[in-house]
Undergrad: 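Let me begin by handing over the structure; questions about it come next.
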Amino acid sequence: MAKMYEVGNNNGEEVKELLGAQAHVWKHIFSFINSLSLRCAVDLGIPDVIQNHGKPMSITELASAMPTLNPSKVCNLYRLMRLLVHSGFFAQQQLGDDAEEQGYVLTNAARLLLKNHPMSIAPYLKVITNPVPIKPWYFLRTWFENDDGTAFYSAHGETFWDYCGHEPELINLFNESMAKDTPLITRVLSDKCRGLFDEVQSLVDVGGGTGTLAKAIADVFPHLECTVFDLPHVVAGLQDSRNLKYVGGNMFEAVPAADAILLKVNFTKFTIHYVF
Ligand SMILES: C[S@@+](CC[C@H](N)C(=O)[O-])C[C@H]1O[C@@H](n2cnc3c(N)ncnc32)[C@H](O)[C@@H]1O
(Lines give C-alpha, C1' and ligand atoms only; values in the text may rest on other atoms or scores of the structure.)
Protein backbone atom coordinates (compact mmCIF):
# COMPACT_ATOMS: atom_id res chain seq x y z
CA MET A 1 0.00 0.00 0.00
CA ALA A 2 1.33 3.46 -0.84
CA LYS A 3 2.58 5.39 2.20
CA MET A 4 0.57 8.53 2.98
CA TYR A 5 2.51 11.77 2.45
CA GLU A 6 3.51 13.03 5.89
CA VAL A 7 3.43 16.73 6.65
CA GLY A 8 6.31 17.70 9.00
CA ASN A 9 5.85 19.27 12.37
CA ASN A 10 8.55 21.89 12.73
CA ASN A 11 6.55 24.42 14.80
CA GLY A 12 3.72 24.31 12.27
CA GLU A 13 5.86 26.36 9.85
CA GLU A 14 5.88 23.67 7.18
CA VAL A 15 2.10 23.28 7.43
CA LYS A 16 1.66 27.06 7.11
CA GLU A 17 3.92 27.18 4.07
CA LEU A 18 2.16 24.24 2.45
CA LEU A 19 -1.24 25.83 3.01
CA GLY A 20 0.04 29.06 1.45
CA ALA A 21 1.46 27.18 -1.52
CA GLN A 22 -1.76 25.22 -1.98
CA ALA A 23 -3.83 28.43 -1.86
CA HIS A 24 -1.50 29.98 -4.45
CA VAL A 25 -1.96 27.07 -6.86
CA TRP A 26 -5.73 27.06 -6.33
CA LYS A 27 -5.88 30.79 -6.96
CA HIS A 28 -4.30 30.26 -10.36
CA ILE A 29 -6.35 27.17 -11.17
CA PHE A 30 -9.58 29.07 -10.59
CA SER A 31 -8.52 32.47 -11.92
CA PHE A 32 -10.43 31.94 -15.20
CA ILE A 33 -13.62 32.24 -13.11
CA ASN A 34 -12.89 35.95 -12.61
CA SER A 35 -12.84 36.88 -16.28
CA LEU A 36 -15.68 34.56 -17.28
CA SER A 37 -17.92 35.74 -14.41
CA LEU A 38 -17.23 39.30 -15.44
CA ARG A 39 -18.24 38.42 -18.98
CA CYS A 40 -21.43 36.79 -17.69
CA ALA A 41 -22.31 39.97 -15.75
CA VAL A 42 -21.78 42.09 -18.87
CA ASP A 43 -23.78 39.65 -21.05
CA LEU A 44 -26.61 39.84 -18.50
CA GLY A 45 -26.37 43.65 -18.67
CA ILE A 46 -25.85 43.97 -14.89
CA PRO A 47 -23.62 47.12 -14.94
CA ASP A 48 -26.22 48.96 -17.08
CA VAL A 49 -29.13 47.79 -14.92
CA ILE A 50 -27.43 49.12 -11.75
CA GLN A 51 -26.43 52.36 -13.49
CA ASN A 52 -30.01 52.93 -14.70
CA HIS A 53 -31.35 52.35 -11.19
CA GLY A 54 -29.52 55.50 -10.08
CA LYS A 55 -29.05 54.49 -6.41
CA PRO A 56 -27.79 51.45 -4.48
CA MET A 57 -29.74 48.41 -5.72
CA SER A 58 -30.76 45.46 -3.56
CA ILE A 59 -30.40 41.92 -4.92
CA THR A 60 -34.23 41.67 -5.13
CA GLU A 61 -34.43 44.91 -7.14
CA LEU A 62 -31.60 43.74 -9.36
CA ALA A 63 -33.23 40.37 -10.01
CA SER A 64 -36.60 41.91 -10.85
CA ALA A 65 -34.98 44.43 -13.24
CA MET A 66 -33.51 41.52 -15.24
CA PRO A 67 -36.42 40.21 -17.33
CA THR A 68 -34.43 37.28 -18.76
CA LEU A 69 -33.32 35.95 -15.35
CA ASN A 70 -34.90 32.64 -14.43
CA PRO A 71 -36.56 33.13 -10.98
CA SER A 72 -34.93 29.92 -9.69
CA LYS A 73 -31.46 31.51 -10.21
CA VAL A 74 -31.76 34.50 -7.84
CA CYS A 75 -29.53 32.86 -5.20
CA ASN A 76 -26.93 32.18 -7.93
CA LEU A 77 -27.16 35.84 -8.95
CA TYR A 78 -26.27 36.69 -5.37
CA ARG A 79 -23.18 34.42 -5.62
CA LEU A 80 -22.13 36.05 -8.89
CA MET A 81 -22.47 39.52 -7.35
CA ARG A 82 -20.52 38.43 -4.27
CA LEU A 83 -17.63 37.30 -6.47
CA LEU A 84 -17.68 40.53 -8.47
CA VAL A 85 -17.77 42.65 -5.30
CA HIS A 86 -14.71 40.71 -4.20
CA SER A 87 -12.95 41.39 -7.52
CA GLY A 88 -13.72 45.12 -7.34
CA PHE A 89 -16.41 45.64 -9.99
CA PHE A 90 -19.30 46.34 -7.63
CA ALA A 91 -19.37 47.76 -4.13
CA GLN A 92 -22.04 47.61 -1.46
CA GLN A 93 -23.64 50.55 0.29
CA GLN A 94 -26.20 50.79 3.03
CA LEU A 95 -29.79 50.91 1.75
CA GLY A 96 -31.97 53.50 3.50
CA ASP A 97 -32.08 53.51 7.34
CA ASP A 98 -31.67 49.77 7.71
CA ALA A 99 -27.98 49.21 8.50
CA GLU A 100 -28.41 45.51 7.68
CA GLU A 101 -29.61 45.96 4.11
CA GLN A 102 -26.95 46.55 1.46
CA GLY A 103 -27.36 47.68 -2.14
CA TYR A 104 -24.99 47.31 -5.09
CA VAL A 105 -23.27 50.28 -6.77
CA LEU A 106 -20.75 50.38 -9.62
CA THR A 107 -17.04 50.92 -9.06
CA ASN A 108 -15.02 52.98 -11.58
CA ALA A 109 -13.92 49.71 -13.23
CA ALA A 110 -17.54 48.63 -13.82
CA ARG A 111 -18.34 52.06 -15.33
CA LEU A 112 -15.85 51.20 -18.09
CA LEU A 113 -18.07 48.22 -18.93
CA LEU A 114 -21.25 50.23 -19.51
CA LYS A 115 -22.64 49.84 -23.04
CA ASN A 116 -22.69 53.56 -23.79
CA HIS A 117 -19.46 54.62 -22.08
CA PRO A 118 -17.38 56.29 -24.81
CA MET A 119 -14.35 54.21 -23.74
CA SER A 120 -16.30 51.02 -22.97
CA ILE A 121 -14.03 48.00 -22.54
CA ALA A 122 -17.04 45.65 -22.88
CA PRO A 123 -16.32 44.81 -26.57
CA TYR A 124 -12.70 44.02 -25.66
CA LEU A 125 -13.87 41.74 -22.83
CA LYS A 126 -16.19 39.98 -25.29
CA VAL A 127 -13.41 39.46 -27.85
CA ILE A 128 -10.83 38.18 -25.39
CA THR A 129 -13.29 35.80 -23.66
CA ASN A 130 -14.80 34.62 -26.98
CA PRO A 131 -14.32 30.83 -27.36
CA VAL A 132 -12.53 31.33 -30.71
CA PRO A 133 -9.56 33.33 -29.30
CA ILE A 134 -9.64 31.22 -26.10
CA LYS A 135 -9.21 27.91 -27.94
CA PRO A 136 -5.55 28.65 -28.92
CA TRP A 137 -4.59 28.74 -25.22
CA TYR A 138 -5.37 25.02 -25.14
CA PHE A 139 -2.93 24.62 -28.05
CA LEU A 140 -0.08 26.56 -26.47
CA ARG A 141 1.82 23.40 -25.61
CA THR A 142 1.32 22.10 -29.18
CA TRP A 143 2.57 25.45 -30.53
CA PHE A 144 5.69 25.29 -28.35
CA GLU A 145 6.39 21.89 -29.86
CA ASN A 146 5.61 22.59 -33.53
CA ASP A 147 6.77 25.26 -35.97
CA ASP A 148 3.40 27.03 -36.49
CA GLY A 149 3.63 30.83 -36.44
CA THR A 150 0.90 31.22 -33.81
CA ALA A 151 -1.12 29.08 -31.41
CA PHE A 152 -4.22 30.44 -33.16
CA TYR A 153 -3.04 28.67 -36.32
CA SER A 154 -2.42 25.44 -34.36
CA ALA A 155 -5.96 25.61 -32.97
CA HIS A 156 -7.91 26.75 -36.03
CA GLY A 157 -5.73 25.83 -39.03
CA GLU A 158 -5.62 29.43 -40.32
CA THR A 159 -4.44 32.82 -39.10
CA PHE A 160 -6.62 35.04 -36.92
CA TRP A 161 -6.97 37.49 -39.82
CA ASP A 162 -7.98 34.81 -42.34
CA TYR A 163 -10.46 33.45 -39.79
CA CYS A 164 -11.92 36.94 -39.30
CA GLY A 165 -12.30 37.21 -43.09
CA HIS A 166 -15.23 34.75 -42.93
CA GLU A 167 -16.52 35.66 -39.45
CA PRO A 168 -17.87 39.23 -39.77
CA GLU A 169 -19.33 39.24 -36.24
CA LEU A 170 -15.93 38.54 -34.68
CA ILE A 171 -14.07 41.12 -36.79
CA ASN A 172 -16.75 43.77 -36.13
CA LEU A 173 -16.48 43.19 -32.39
CA PHE A 174 -12.68 43.18 -32.68
CA ASN A 175 -12.63 46.48 -34.61
CA GLU A 176 -15.07 48.01 -32.14
CA SER A 177 -12.88 46.92 -29.21
CA MET A 178 -9.74 48.33 -30.86
CA ALA A 179 -11.40 51.68 -31.56
CA LYS A 180 -12.60 52.34 -28.00
CA ASP A 181 -9.39 53.94 -26.76
CA THR A 182 -9.39 56.39 -29.68
CA PRO A 183 -10.71 59.42 -27.70
CA LEU A 184 -7.90 59.01 -25.15
CA ILE A 185 -5.17 58.41 -27.76
CA THR A 186 -6.36 61.33 -29.88
CA ARG A 187 -6.29 63.58 -26.82
CA VAL A 188 -2.72 62.51 -26.00
CA LEU A 189 -1.61 62.91 -29.63
CA SER A 190 -3.11 66.38 -30.00
CA ASP A 191 -1.97 67.62 -26.56
CA LYS A 192 1.47 66.06 -26.30
CA CYS A 193 2.57 65.29 -29.87
CA ARG A 194 1.16 68.27 -31.79
CA GLY A 195 4.64 69.39 -32.93
CA LEU A 196 5.31 65.99 -34.42
CA PHE A 197 2.21 66.11 -36.62
CA ASP A 198 2.72 69.74 -37.61
CA GLU A 199 5.98 68.73 -39.29
CA VAL A 200 4.57 66.04 -41.60
CA GLN A 201 2.23 66.31 -44.59
CA SER A 202 1.09 62.70 -44.87
CA LEU A 203 0.54 59.77 -42.56
CA VAL A 204 -0.37 56.12 -43.06
CA ASP A 205 -1.99 54.15 -40.24
CA VAL A 206 -0.76 50.61 -40.91
CA GLY A 207 -3.21 48.00 -39.62
CA GLY A 208 -5.53 50.94 -38.95
CA GLY A 209 -8.71 48.83 -38.83
CA THR A 210 -11.80 50.76 -39.88
CA GLY A 211 -9.98 54.07 -39.41
CA THR A 212 -11.45 55.41 -36.16
CA LEU A 213 -8.09 56.76 -34.99
CA ALA A 214 -7.00 58.03 -38.42
CA LYS A 215 -10.36 59.83 -38.80
CA ALA A 216 -9.86 61.57 -35.44
CA ILE A 217 -6.28 62.54 -36.39
CA ALA A 218 -7.45 63.81 -39.82
CA ASP A 219 -10.00 66.05 -38.06
CA VAL A 220 -7.53 67.45 -35.51
CA PHE A 221 -4.79 67.98 -38.16
CA PRO A 222 -6.64 69.08 -41.34
CA HIS A 223 -3.36 69.70 -43.25
CA LEU A 224 -2.48 65.96 -43.01
CA GLU A 225 -3.23 63.54 -45.86
CA CYS A 226 -4.16 60.40 -43.92
CA THR A 227 -4.30 56.86 -45.28
CA VAL A 228 -5.80 53.89 -43.45
CA PHE A 229 -4.05 50.74 -44.62
CA ASP A 230 -5.47 47.35 -43.66
CA LEU A 231 -6.40 43.98 -45.10
CA PRO A 232 -8.72 44.29 -48.14
CA HIS A 233 -11.74 42.72 -46.40
CA VAL A 234 -11.39 45.14 -43.45
CA VAL A 235 -11.41 48.34 -45.54
CA ALA A 236 -13.80 47.09 -48.27
CA GLY A 237 -16.66 49.54 -48.79
CA LEU A 238 -15.34 52.22 -46.39
CA GLN A 239 -15.79 55.77 -47.66
CA ASP A 240 -12.87 58.16 -48.20
CA SER A 241 -13.35 61.71 -46.94
CA ARG A 242 -11.58 65.06 -47.50
CA ASN A 243 -8.13 64.20 -46.10
CA LEU A 244 -8.60 60.50 -45.39
CA LYS A 245 -8.52 57.52 -47.72
CA TYR A 246 -8.62 53.75 -47.35
CA VAL A 247 -6.19 51.37 -49.03
CA GLY A 248 -6.36 47.58 -48.79
CA GLY A 249 -3.30 45.35 -48.96
CA ASN A 250 -0.79 43.22 -47.11
CA MET A 251 1.72 45.13 -44.99
CA PHE A 252 4.24 42.32 -45.37
CA GLU A 253 4.37 43.06 -49.11
CA ALA A 254 4.21 46.89 -49.28
CA VAL A 255 2.66 49.85 -47.51
CA PRO A 256 1.56 53.15 -49.12
CA ALA A 257 4.23 55.86 -49.09
CA ALA A 258 3.84 58.65 -46.48
CA ASP A 259 5.97 61.01 -44.37
CA ALA A 260 4.99 59.13 -41.20
CA ILE A 261 3.81 55.64 -40.33
CA LEU A 262 1.48 55.02 -37.41
CA LEU A 263 1.33 51.52 -35.97
CA LYS A 264 -0.98 51.18 -32.99
CA VAL A 265 -1.64 47.89 -31.28
CA ASN A 266 -3.28 47.45 -27.91
CA PHE A 267 -2.41 43.93 -26.87
CA THR A 268 0.17 42.43 -24.61
CA LYS A 269 3.28 41.26 -26.45
CA PHE A 270 2.52 37.67 -25.52
CA THR A 271 -1.07 37.85 -26.83
CA ILE A 272 0.26 39.24 -30.09
CA HIS A 273 2.67 36.36 -30.50
CA TYR A 274 0.21 33.65 -29.67
CA VAL A 275 -2.70 34.95 -31.72
CA PHE A 276 -1.42 37.17 -34.46
C1 LIG B 1 -4.40 44.62 -33.28
S2 LIG B 1 -5.27 45.33 -34.63
C3 LIG B 1 -4.90 47.03 -34.45
C4 LIG B 1 -5.97 47.93 -35.00
C5 LIG B 1 -5.72 49.43 -34.78
N6 LIG B 1 -4.39 49.83 -35.19
C7 LIG B 1 -5.94 49.80 -33.33
O8 LIG B 1 -5.04 49.72 -32.50
O9 LIG B 1 -7.08 50.15 -33.01
C10 LIG B 1 -4.24 44.87 -36.00
C11 LIG B 1 -4.79 45.30 -37.35
O12 LIG B 1 -3.85 44.87 -38.33
C13 LIG B 1 -4.56 44.39 -39.47
N14 LIG B 1 -3.69 43.45 -40.19
C15 LIG B 1 -3.35 42.19 -39.84
N16 LIG B 1 -2.52 41.64 -40.75
C17 LIG B 1 -2.32 42.58 -41.69
C18 LIG B 1 -1.55 42.62 -42.91
N19 LIG B 1 -0.83 41.57 -43.29
N20 LIG B 1 -1.57 43.75 -43.64
C21 LIG B 1 -2.30 44.83 -43.26
N22 LIG B 1 -3.04 44.86 -42.11
C23 LIG B 1 -3.06 43.75 -41.34
C24 LIG B 1 -5.81 43.77 -38.89
O25 LIG B 1 -6.87 43.64 -39.84
C26 LIG B 1 -6.13 44.71 -37.72
O27 LIG B 1 -7.03 45.72 -38.11
Side-chain angles (χ1 to χ4, degrees), residues 112 117-130 132-137 148-190 192-193 196-197 200 202-221 224-241 244-276:
L112 284 176
H117 192 288
M119 282 184 62
S120 178
I121 305 175
Y124 196 73
L125 171 72
K126 289 187 182 186
V127 169
I128 298 299
T129 55
N130 183 299
V132 171
I134 282 195
K135 189 175 170 191
W137 291 101
D148 287 344
T150 60
F152 192 96
Y153 191 94
S154 299
H156 295 285
E158 57 189 330
T159 68
F160 179 76
W161 308 114
D162 288 340
Y163 190 98
C164 283
H166 54 79
E167 293 296 330
E169 248 179 61
L170 183 61
I171 193 63
N172 289 342
L173 193 59
F174 179 80
N175 285 332
E176 192 190 345
S177 72
M178 292 292 101
K180 285 294 183 186
D181 60 357
T182 298
L184 181 65
I185 303 281
T186 313
R187 178 82 193 268
V188 172
L189 291 179
S190 60
K192 309 273 179 212
C193 314
L196 220 145
F197 288 95
V200 294
S202 57
L203 172 134
V204 56
D205 186 1
V206 175
T210 50
T212 316
L213 179 59
K215 259 187 240 163
I217 292 176
D219 285 345
V220 177
F221 302 98
L224 261 187
E225 287 302 322
C226 295
T227 304
V228 179
F229 180 71
D230 208 293
L231 293 167
H233 66 80
V234 176
V235 295
L238 297 176
Q239 287 301 308
D240 296 353
S241 53
L244 179 93
K245 66 173 185 226
Y246 290 90
V247 175
N250 180 353
M251 65 175 154
F252 298 116
E253 291 167 5
V255 298
D259 295 341
I261 288 179
L262 176 69
L263 198 61
K264 171 182 158 286
V265 187
N266 45 6
F267 277 112
T268 63
K269 203 163 179 234
F270 188 62
T271 315
I272 289 172
H273 283 286
Y274 109 94
V275 180
F276 308 107

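Keep in mind that this is a model prediction, so the values were computed, not measured. When a ligand or atom number is given, it counts from 1 through the structure's own listing order.
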Undergrad: Is any N or O atom of Lys264, backbone or side chain, closer than 3.5 Å to an N or O atom of ligand 1?
TA: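 Such a contact does occur with ligand 1.
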Undergrad: Is Asp205 in polar range of ligand 1, meaning some N or O pair under 3.5 Å apart?
TA: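 Looking only at distances, the answer is no, because the N/O contact criterion of under 3.5 Å is not met.
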Undergrad: Which one holds for Asn250 and ligand 1: side chain close, backbone close, both close, or neither close, with close meaning a heavy atom under 4.0 Å?
TA: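 It is both backbone and side chain that touch ligand 1.
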Undergrad: Taking distance alone, with N or O pairs closer than 3.5 Å, would you say Met178 contacts ligand 1?
TA: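 Met178 vs ligand 1: N/O contact under 3.5 Å present.
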Undergrad: Under the ring-ring contact (aromatic ring centres under 6.0 Å, His included) test, which residues partner Tyr246, sequence neighbours left out?
TA: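 Result, ring-ring contact (aromatic ring centres under 6.0 Å, His included) vs Tyr246: none returned.
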Undergrad: Checking side chain to side chain contact (heavy atoms under 4.5 Å, CB included) between Leu262 and each of Val228, Thr227, Leu213, Val206, which is the one that passes?
TA: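 Of Val228, Thr227, Leu213, Val206, side chain to side chain contact (heavy atoms under 4.5 Å, CB included) with Leu262 is met by Leu213 alone.
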Undergrad: Indicate yes or no: at least one non-hydrogen side-chain atom of Leu203 is less than 4.5 angstrom from one of Phe197.
TA: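 Yes, side chains in contact.
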Undergrad: Taking salt bridge (Lys or Arg N to Asp or Glu O under 4.0 Å) as the test, write out the residues that go with Lys180, two or more places apart.
TA: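 Not a single residue meets the salt bridge (Lys or Arg N to Asp or Glu O under 4.0 Å) criterion with Lys180.
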Undergrad: Taking the six-membered ring where the residue is Trp, are the ring centres of Trp161 and Phe174 under 6.0 Å apart?
TA: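 Centroid distance Trp161-Phe174: below 6.0 Å, so yes.
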Undergrad: Please list, in number order, the atoms of ligand 1 under 4.0 Å from a heavy atom of Val234.
TA: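 Contacts of ligand 1 toward Val234, numbered from 1: 25 (O).
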Undergrad: For ligand 1, which is the ligand I care about here, please tell me if Met251 has any N or O atom under 3.5 Å from one of the ligand's N or O atoms.
TA: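 Such a contact does occur with ligand 1.
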Undergrad: Heavy atom to atom 4 (C) of ligand 1, shortest distance: which of Gly207, Cys164, Gly209, Gly248 holds it?
TA: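 Comparing heavy atoms across Gly207, Cys164, Gly209, Gly248, the nearest one to atom 4 (C) of ligand 1 lies in Gly207.
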Undergrad: List the atom of Ser177, the atom of Val127, and the distance in Å for their closest heavy-atom pair.
TA: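 The pair with the smallest heavy-atom distance is OG-CG2, 3.9 Å.
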Undergrad: With a cut-off of 4.0 Å, which atoms of ligand 1 are near a heavy atom of Gly249?
TA: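 Within the 4.0 Å cut-off of Gly249, ligand 1 contributes 20 (N), 21 (C).
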Undergrad: If you take the nearest heavy atom of each of Phe252, Phe160, Phe229, Trp161, which one is closest to atom 10 (C) of ligand 1?
TA: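 Looking at heavy atoms only, Trp161 sits closest to atom 10 (C) of ligand 1.
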Undergrad: With a cut-off of 4.0 Å, which atoms of ligand 1 are near a heavy atom of Phe174?
TA: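 Taking each heavy atom of Phe174 in turn, ligand 1 has 1 (C), 2 (S) under 4.0 Å.
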Undergrad: Report the distance from atom OG1 of Thr150 to atom NE2 of His156, rounding to the nearest 0.5 Å.
TA: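 So the gap between those two atoms works out to 9.5 Å.
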